[in-house]
**Student:** 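Take this structure, written in structure tokens, and hold onto it; I'll ask about it next.
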Amino acid sequence: MHAIVIAQAAAPATEWGLLDLFEKGGPLMWPLLFLSVIALMVFLVCLWTTRDSAVLPVKMVLEVETRFRHKDYAGILAMCERDGSSFARTIHVIVLFMQRNPRAGIEEVREVATAEGSRQANILTRQINWLSDIGAIAPMIGLLGTVLGMMRAFMEMAAGNFEGVKQMQMAGGIAEAMITTVGGLVLAIPSVAAYVFFRSRIQKHITDMEVAITHILTVISVQMDHESRLSNTYRLGRGKEVMEEDE
């Protein structure tokens, strides 16, 4: 009978809500809450910035290729300024370079495209690195809370306070240790999972964008070769005319 009464008295104490767990987790739950808000914000931003239309819009790739074949550089620049995707920013830099350096060869254009493409890839990768960092920091904060909670419990034991309220304080220290550990892991696991998801997504986008940029550079190279042959033909024909006039 006495055991039943004790069990009934102890039962309500186990029914903790989220706020109760947060309070019993100690002061280190606040940094974990702050990191949780940051992780959620980064997740939403990455979800928006890594979508297909924000990196490589398919319709724009086809339109840019057509305009390059017609040498409509002004139209390409206008499209890129309106779109704002990673592909558009890369093409914008390429066209500006070609306009400012009309005598540049395909190798120079390719170097500019590679540099800007790498910069755009770094921008996308830098965003998701926040998730990886949070996934590494959160368990450390949880571990620190575990150590502090265990220190509190052992200090109670060292003081010889084993009865009554002191016993509950020792149990509170152990509870704090466990709650912060769980809080750190609950934050770290989704953060790392989100990082892996976005990393795979970005790698796919980067590969597709490299293929698209390479195709555009091939079109530019063909045009440059064609213009070079026409120029050489014109020069040869002009040279023959001058020789015939001299004769």
Side-chain angles (χ1 to χ4, degrees), residues 41-135 191-235:
M41 293 174 60
V42 173
F43 176 83
L44 294 176
V45 170
C46 291
L47 201 63
W48 178 258
T49 57
T50 60
R51 69 192 194 282
D52 293 342
S53 59
V55 180
L56 185 65
V58 178
K59 292 182 179 179
M60 184 180 181
V61 175
L62 300 175
E63 183 67 20
V64 166
E65 178 185 351
T66 302
R67 291 181 182 271
F68 261 115
R69 293 184 185 277
H70 293 86
K71 298 182 182 179
D72 184 11
Y73 298 143
I76 294 174
L77 290 176
M79 285 180 57
C80 294
E81 291 172 357
R82 289 194 306 268
D83 187 87
S85 63
S86 299
F87 175 78
R89 288 192 288 267
T90 304
I91 294 297
H92 189 271
V93 171
I94 293 173
V95 174
L96 285 180
F97 176 79
M98 292 176 62
Q99 286 184 334
R100 294 170 182 174
N101 303 274
R103 295 186 179 181
I106 187 61
E107 292 302 324
E108 288 81 3
V109 176
R110 196 182 305 276
E111 289 178 2
V112 172
T114 301
E116 182 61 22
S118 299
R119 192 178 77 86
Q120 294 299 325
N122 288 334
I123 291 174
L124 295 173
T125 305
R126 189 166 60 244
Q127 294 175 353
I128 66 171
N129 284 339
W130 282 86
L131 294 171
S132 176
D133 295 338
I134 291 173
S191 298
V192 174
Y195 170 76
V196 172
F197 168 75
F198 285 120
R199 183 184 61 184
S200 175
R201 190 178 190 180
I202 289 173
Q203 287 176 348
K204 178 182 180 300
H205 285 325
I206 291 174
T207 301
D208 293 340
M209 193 167 72
E210 287 178 351
V211 172
I213 295 295
T214 301
H215 183 73
I216 296 298
L217 291 176
T218 302
V219 173
I220 296 173
S221 177
V222 170
Q223 286 185 339
M224 287 183 173
D225 290 341
H226 181 67
E227 291 175 357
S228 178
R229 287 195 297 269
L230 289 178
S231 178
N232 291 334
T233 302
Y234 175 79
R235 289 175 183 174

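Here the structure is a predicted model, which means the values were calculated and not measured.
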**Student:** For the pair Ser118 (side chain) and Thr114 (backbone), establish whether a donor and an acceptor sit closer than 3.5 Å, ignoring hydrogens and angles.
**Tutor:** yes

**Student:** Over all heavy atoms of both residues, which pair between Met224 and Gly105 is shortest? Give the atoms and the distance, please.
**Tutor:** SD-C, 4.0 Å

**Student:** Is there a side-chain contact between Val211 and His215 (heavy atoms, below 4.5 Å)?
**Tutor:**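 Result no, sub-4.5 Å side-chain heavy-atom pair not found.
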
**Student:** Test Ile220 against Met98 for side-chain contact (heavy atoms from CB on, under 4.5 Å), laying out the working first.
**Tutor:** CA-CA 10 Å; Ile220 296 173; Met98 292 176 62; 3.8 Å; yes

**Student:** CD1 of Ile94 to CD1 of Ile216: how many Å apart, nearest 0.5 Å?
**Tutor:**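 Going from CD1 on Ile94 over to CD1 on Ile216, the span is 8.0 Å.
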
**Student:** Grab the two heavy atoms, one from Ala54 and one from Trp48, that are nearest each other, plus how far apart they are.
**Tutor:**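 So the minimum-distance heavy-atom pair works out to CB-O, 3.9 Å.
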
**Student:** Give me the atom names and distance for the closest heavy-atom approach of Leu124 to Thr49.
**Tutor:** CD2-O, 3.9 Å

**Student:** Spell out, as yes or no, whether a donor-acceptor pair under 3.5 Å connects the side chain of Arg67 to the backbone of Val64.
**Tutor:**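 No: the side chain of Arg67 does not pair with the backbone of Val64.
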
**Student:** To the nearest 0.5 angstrom, please state how far the OG1 atom of Thr218 sits from the CD1 atom of Ile213.
**Tutor:** 11.0 Å

**Student:** Is there a donor-acceptor contact under 3.5 Å from the side chain of Gln223 to the main chain of Phe68?
**Tutor:** yes

**Student:** On a heavy-atom basis, which atom in Val55 and which in Met209 lie closest, and how many Å separate them?
**Tutor:**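 Taking every non-hydrogen atom into account, O-SD, 4.1 Å.
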
**Student:** Looking only at non-hydrogen atoms, find the nearest pair between Ser53 and Pro57 and report the distance.
**Tutor:** O-CD, 3.8 Å

**Student:** How long is the span from the CD1 atom in Ile206 to the OG atom in Ser86, to the nearest 0.5 Å?
**Tutor:**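 Here the rounded value is 8.5 Å.
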
**Student:** Applying side-chain contact (heavy atoms from CB on, under 4.5 Å), run through Glu65 and Val219 and close with a yes or a no.
**Tutor:** CA-CA 8 Å; Glu65 178 185 351; Val219 173; 4.2 Å; yes

**Student:** Decide yes or no on side-chain contact (heavy atoms from CB on, under 4.5 Å) for Met79 and His92, but give the supporting numbers first.
**Tutor:** CA-CA 9 Å; Met79 285 180 57; His92 189 271; over 6 Å; no

**Student:** Minimum heavy-atom separation for Leu217 to Ile106, with atom names?
**Tutor:** O-CD1, 3.6 Å

**Student:** With Arg201, which of His205, Arg199, Gln203 fulfils side chain to side chain contact (heavy atoms under 4.5 Å, CB included)?
**Tutor:**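 Of the listed residues His205, Arg199, Gln203, the side chain to side chain contact (heavy atoms under 4.5 Å, CB included) partner of Arg201 is His205.
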
**Student:** To the nearest 0.5 angstrom, please state how far the CG atom of Leu47 sits from the CZ atom of Phe198.
**Tutor:**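 One finds 5.0 Å between CG of Leu47 and CZ of Phe198.
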
**Student:** Could you tell me whether a side-chain N or O of Ser132 sits under 3.5 Å from a main-chain N or O of Ile128, the two making a donor and an acceptor?
**Tutor:**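 Between the backbone of Ile128 and the side chain of Ser132 there is no qualifying donor-acceptor contact (under 3.5 Å).
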
**Student:** Between Gln99 and Leu77, is there a side-chain heavy-atom distance shorter than 4.5 Å?
**Tutor:**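 When only atoms from C-beta onward are counted, Gln99 and Leu77 do touch, with a gap below 4.5 Å.
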
**Student:** Could you tell me the separation between the CD atom of Gln120 and the CG atom of Leu56, rounded to the nearest 0.5 Å?
**Tutor:**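 Spacing of CD (Gln120) from CG (Leu56) equals 12.0 Å.
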
**Student:** Trp130 vs Met41, test: side-chain contact (heavy atoms from CB on, under 4.5 Å). Steps then yes/no.
**Tutor:** CA-CA 10 Å; Trp130 282 86; Met41 293 174 60; over 6 Å; no

**Student:** Without swapping roles, check the side chain of Asp72 against the backbone of Gly75 for a donor-acceptor pair under 3.5 Å.
**Tutor:**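 At least one qualifying donor-acceptor pair exists.
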
**Student:** Starting at CD of Glu63, measure out to CD1 of Ile76 and round the result to the nearest 0.5 Å.
**Tutor:**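 Reported to 0.5 Å precision, the distance equals 9.0 Å.
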
